[in-house]
Amino acid sequence: MYRVTFDEKDTIVRIDRELMNPETVSWFLDLVNLARALKDSRFADDREKMFARMLGFPTGVMLIRDPAFNKGTAFTEKEREILGLRGLLPPKVHTMEEQILRVLENVRRKPNDIEKYIFMISLQDRNKTLFYRIVTDYIEEMMPIIYTPTVGQACMEYGHIFRRPRGIFISAKDRGRMPGLLRNWPYKDIRIIVVTDGERILGLGDLGADGMGIPVGKLALYTACAGIHHALSLPITLDLGTENEDLLNDPLYIGLKQRRLRGAAYDDFVEEFFLAVEEVFPRALVQFEDFANINAFRLLEKYRERLCCFNDDIQGTAAATLAGIYSALRITGGRLQDQKFLFLGAGEAGLGAADLMVSALMASGLSANEAREHCWFVDSKGLVVKSRSELSGHKRRYAHDCEFIPDFPSAVEALQPTAIIGVSGKARMFTQPVLEAMARINERPLVFSLSNPTSNTECTAEEAYKWTEGRAIYTSGSPFEPVIYGGKKFVPAQGNNVYIFPGVGLGAIACRARQVTDEMFSVAAKTLASMISDADLEQGSLFPPLPRIREVSAAIATAVAEVAYARDLATVPRPDDLPAFIKSLMYDPKYKSYV
Ligand code: NAD
């Protein structure tokens with residue numbers, strides 16, 4: 001946390017701090033001045049230990065139990081001596097590399113993914129530096145454990161695998177005291193909040209307070225994929241009740257056992273929450289996560305100009321999908337304006353993606369109405385058409401003047417789309433007849449099976465290649481192993497918003513943007529698509545390999561911040577070298593020397 005450097009005359013010449021929180025800094029400097037006054041006192045011989053104690057830096061067993069500072073067996077001899085750790089650790093000092101070996105050995109021998117998840121989350125509770133180092137360096141192996149698909153199962157079992165609380169829970173009982181509750185969080189300079197009300201967790205539905213696994217996991221990805229320091233982030237769950245009968249009857253459920261607040265009571269609660277955030281964490285960007293679509297669109301509309309916020313399910317997914325389309329068109333050589341997109345599912349992900357595609361089509365010269373003609377939807381009731389009177393406002397924009405078709409396979413036959421995009425959360429809807437029809441209609445059909453977790457995917461990678469004779473250009477929300485078909489190896493990259501939100505968040509934080517705009521997501525999609533190599537495309541990957549994610553996030557962050565500066569939405573001066581400045585903000589999890 002700090003390092004004090006003395007000169008030969010015993011004067012403090014330097015103090016390095018890790019966390020740049022103004023309150024902490026002034027408190028820290030007061031203590032330093034006091035310590036200086038005491039320098040010749042009885043503590044003089046033991047000055048570093050004295051500093052450690054005076055500055056509130058944990059020592060002894062408290063240090064080992066503090067996950068932000070704990071290094072476990074990697075504490076050096078000198079640290080063990082000065083910080084009161086002698087005897088509390090086994091004698092061998094290990095390197096971080098050796099600790100990584102131990103963690104990987106342990107995690108890999110766990111019998112299933114949920115056990116791996118529990119193990120990794122426990123590591124996060126013990127030693128954050130080691131946890132983030134491993135997640136960063138082994139992102140391909142770790143992302144499916146700490147995020148989709150395993151996090152879905154973890155949320156479904158949250159109350160049963162619960163060990164330690166993480167993040168802030170604000171429940172319906174907390175009306176009138178939200179600022180105080182936020183102030184209980186140990187870090188004061190929060191720059192990014194991921195908040196859910198747990199009503200639409202992945203494609204799994206209402207998991208109430210058990211949805212907390214999602215903001216926790218997402219913020220771990222912000223740190224691993226974009227280097228946003230974990231002390232700057234805060235996961236929040238708004239517990240407004242649940243409609244999930246299983247949870248209401250489960251003695252181990254961790255949330256309020258009541259039906260969800262709705263209507264004005266819900267809106268007033270959320271408004272109070274945002275006022276509290278503005279008061280306590282005025283510099284925070286807020287990411288809405290996994291709200292049901294009855295609230296998601298409304299809340300985004302209500303708050304997007306008032307606060308720096310975005311909805312990843314709507315806007316992040318949209319940018320990832322558009323980037324995937326740009327990549328696919330590099331393979332087919334087609335133009336965006338020649339495509340017909342048929343979405344399965346007309347919720348946040350689908351409508352968000354269509355809105356961004358419409359913007360991209362309009363940029364190529366089409367009117368809004370012409371652009372919308374390229375996007376068609378089938379929802380749980382059938383084709384979205386004008387004659388359906390029950391459609392919500394958001395869907396209505398895409399209701400075409402056409403005969404109603406009750407099911408997806410018939411819609412594929414009738415509309416002859418170039419691309420099908422699965423965002424229904426319903427498994428196996430891209431059936432053999434659907435994929436065979438797509439292969440008959442198109443030389444290279446675009447098949448995006450984006451629903452999560454894996455159990456909800458519209459089709460697997462193997463099905464997509466097998467039923468289109470290896471001609472599908474495929475991507476999926478959850479990861480699939482490479483597939484060998486017709487002697488060719490296909491490596492389908494995950495079509496996931498993890499390629500987008502960390503970079504957008506970092507860019508918005510870096511320039512302290514007042515708002516996050518749709519234009520920022522458009523440039524994020526273009527930047528992502530520009531980073532896909534011909535070699536990636538050759539093997540069927542529409543997205544870059546995950547190990548390049550930090551490079552991708554840095555590029556997206558730069559592009560997003562450029563938009564903020566161009567549109568006068570940034571609130572700090574533009575650094576001369578923006579890309580270098582953004583890279584300098586990215587936290588690289590390494591042990592610091594404490595003494
Ligand atoms: P949502 O609840 O807002 O929308 C789901 C939509 O699917 C609704 O329009 C619903 O009517 C429709 N639907 C349900 N059953 C259907 C059926 N049998 N046939 C046709 N349509 C049906 O959810 P969402 O936020 O849009 O997310 C949908 C899915 O997309 C989820 O599984 C989610 O995990 C996934 N998703 C993936 C990513 C990614 O990065 N890959 C990002 C966001 C969401």
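Whatever order the structure lists them in is the order used to number ligands and atoms, beginning at 1.
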Could you identify the single nearest non-hydrogen protein atom to atom 4 (O) of ligand 1 and state the distance to 0.1 Å?
Gly347 CA, 3.2 Å
In terms of the angle between their ring planes, are Tyr132 and Tyr587 parallel, tilted or perpendicular, with boundaries placed at 30° and 60°?
perpendicular
Element-labelled atoms of ligand 1 that are located less than 4.0 Å from some non-hydrogen atom of Asn293:
1 (P), 2 (O), 3 (O), 4 (O)
In terms of atom number and element, which parts of ligand 1 are under 4.0 angstrom from non-hydrogen atoms of Gly425?
29 (C), 32 (O)
Closest approach of any protein heavy atom to atom 14 (C) of ligand 1, naming residue and atom:
Ser424 O, 3.7 Å
For atom 25 (O) of ligand 1, closest protein heavy-atom neighbour:
Arg200 NH1, 2.1 Å
Assess Asn456 for proximity to ligand 1: is some non-hydrogen atom of it under 4.0 Å away?
no
Do Lys395 and Phe377 form a cation-pi contact, if we require the NZ or CZ to be under 6.0 Å from the six-membered ring centre and within 45 degrees of the ring's axis?
no
Options Ala349, Ser478, Ala346, Gly350, ranked by nearest heavy atom to atom 8 (C) of ligand 1, top entry
Ala346
Carefully, step by step, assess Asn442 and Thr418 under the rule side chain to side chain donor-acceptor pair (under 3.5 Å).
CA-CA 6 Å; Asn442 301 283; Thr418 55; 5.3 Å; no
Determine whether the aromatic ring centres of Phe341 and His374 lie less than 6.0 Å apart.
no
Can you tell if the side chain of Ile228 reaches within under 4.5 Å of the side chain of Pro502, non-hydrogen atoms only?
no
When you measure from atom 22 (C) of ligand 1 to every protein heavy atom, which one gives the shortest distance, and what is it?
Ser380 N, 3.5 Å
Within reach of ligand 1, part of Lys381 (heavy-atom separation under 4.0 Å)
neither
Applying a 4.0 Å heavy-atom criterion (strictly less than), which segment of Glu348 is in contact with ligand 1: side chain, backbone, both, or neither?
both
In the protein, what heavy atom is nearest to atom 40 (O) of ligand 1, and what distance, to one decimal place, separates them?
Asn497 N, 3.0 Å
Nearest to atom 5 (C) of ligand 1 by heavy atom, Thr321, Val384, Val498, Val423: which?
Val423
Working note: Asp355 + His394, criterion side chain to side chain donor-acceptor pair (under 3.5 Å); need CA distance, chi angles, decisive distance, verdict.
CA-CA 10 Å; Asp355 286 349; His394 292 280; 5.5 Å; no
Give the numbers and elements of all ligand 1 atoms closer than 4.0 Å to a heavy atom of Asp379.
11 (O), 19 (N), 20 (C), 21 (N), 22 (C)
Within 6.0 Å of CD in Glu462, more than 12 heavy atoms from elsewhere
no
If we ignore angles and hydrogens, is there a donor and acceptor under 3.5 Å between the side chains of Gln153 and Tyr117?
no
Suppose we measure from atom 29 (C) of ligand 1 to each protein heavy atom; which comes out shortest, and what is that distance?
Ser451 OG, 3.6 Å
I'd like to know whether ligand 1 has Ala320 as a neighbour, heavy-atom separation below 4.0 Å.
no
Name the closest protein heavy atom to atom 36 (N) of ligand 1, giving the residue it belongs to and the distance to 0.1 Å.
Leu450 O, 3.9 Å
Would you please indicate if the ring centroids of Tyr485 and Phe490 are separated by under 6.0 Å?
no
Under 4.0 Å from a heavy atom of Gly495: give me the atoms of ligand 1 that qualify, with their elements.
39 (C), 40 (O), 41 (N)
Looking at Asn496, which atoms of ligand 1 are within less than 4.0 Å of one of its heavy atoms?
40 (O)
Numbered in order shown, the ligand 1 atoms found under 4.0 Å of a heavy atom of Thr317 are 38 (C), 42 (C), 43 (C)
Throw together a table of side-chain donor-acceptor distances under 3.5 angstrom for residues 424-432, partners on residues two or more places apart or in other chains.
from   : atom 1 : to     : atom 2 : distance (Å)
Ser424 : OG     : Lys426 : N      : 3.0
Ser424 : OG     : Glu458 : OE2    : 2.9
Arg428 : NE     : Glu463 : OE2    : 3.3
Thr431 : OG1    : Val434 : N      : 3.4
Gln432 : NE2    : Glu436 : OE2    : 2.9

Provide the number and element of each atom of ligand 1 under 4.0 Å from a heavy atom of Gly477.
41 (N)
Evaluate the criterion side chain to side chain donor-acceptor pair (under 3.5 Å) for residue pair Asp246 and Tyr253; output intermediate values, then yes/no.
CA-CA 9 Å; Asp246 290 344; Tyr253 176 53; over 6 Å; no
Would you indicate which of Gly345, Pro149, Gly203 comes nearest to atom 31 (C) of ligand 1 when only heavy atoms are counted?
Gly203
Stepwise, does the side chain to side chain donor-acceptor pair (under 3.5 Å) test hold for Asn497 with Asp312?
CA-CA 8 Å; Asn497 40 20; Asp312 187 47; 3.1 Å; yes
Proximity winner for atom 19 (N) of ligand 1, if only heavy atoms of Lys426, Glu458, Met429 are counted:
Met429
Under 4.0 Å between a side-chain nitrogen and a carboxylate oxygen: does that hold for Arg200 and Glu289?
no
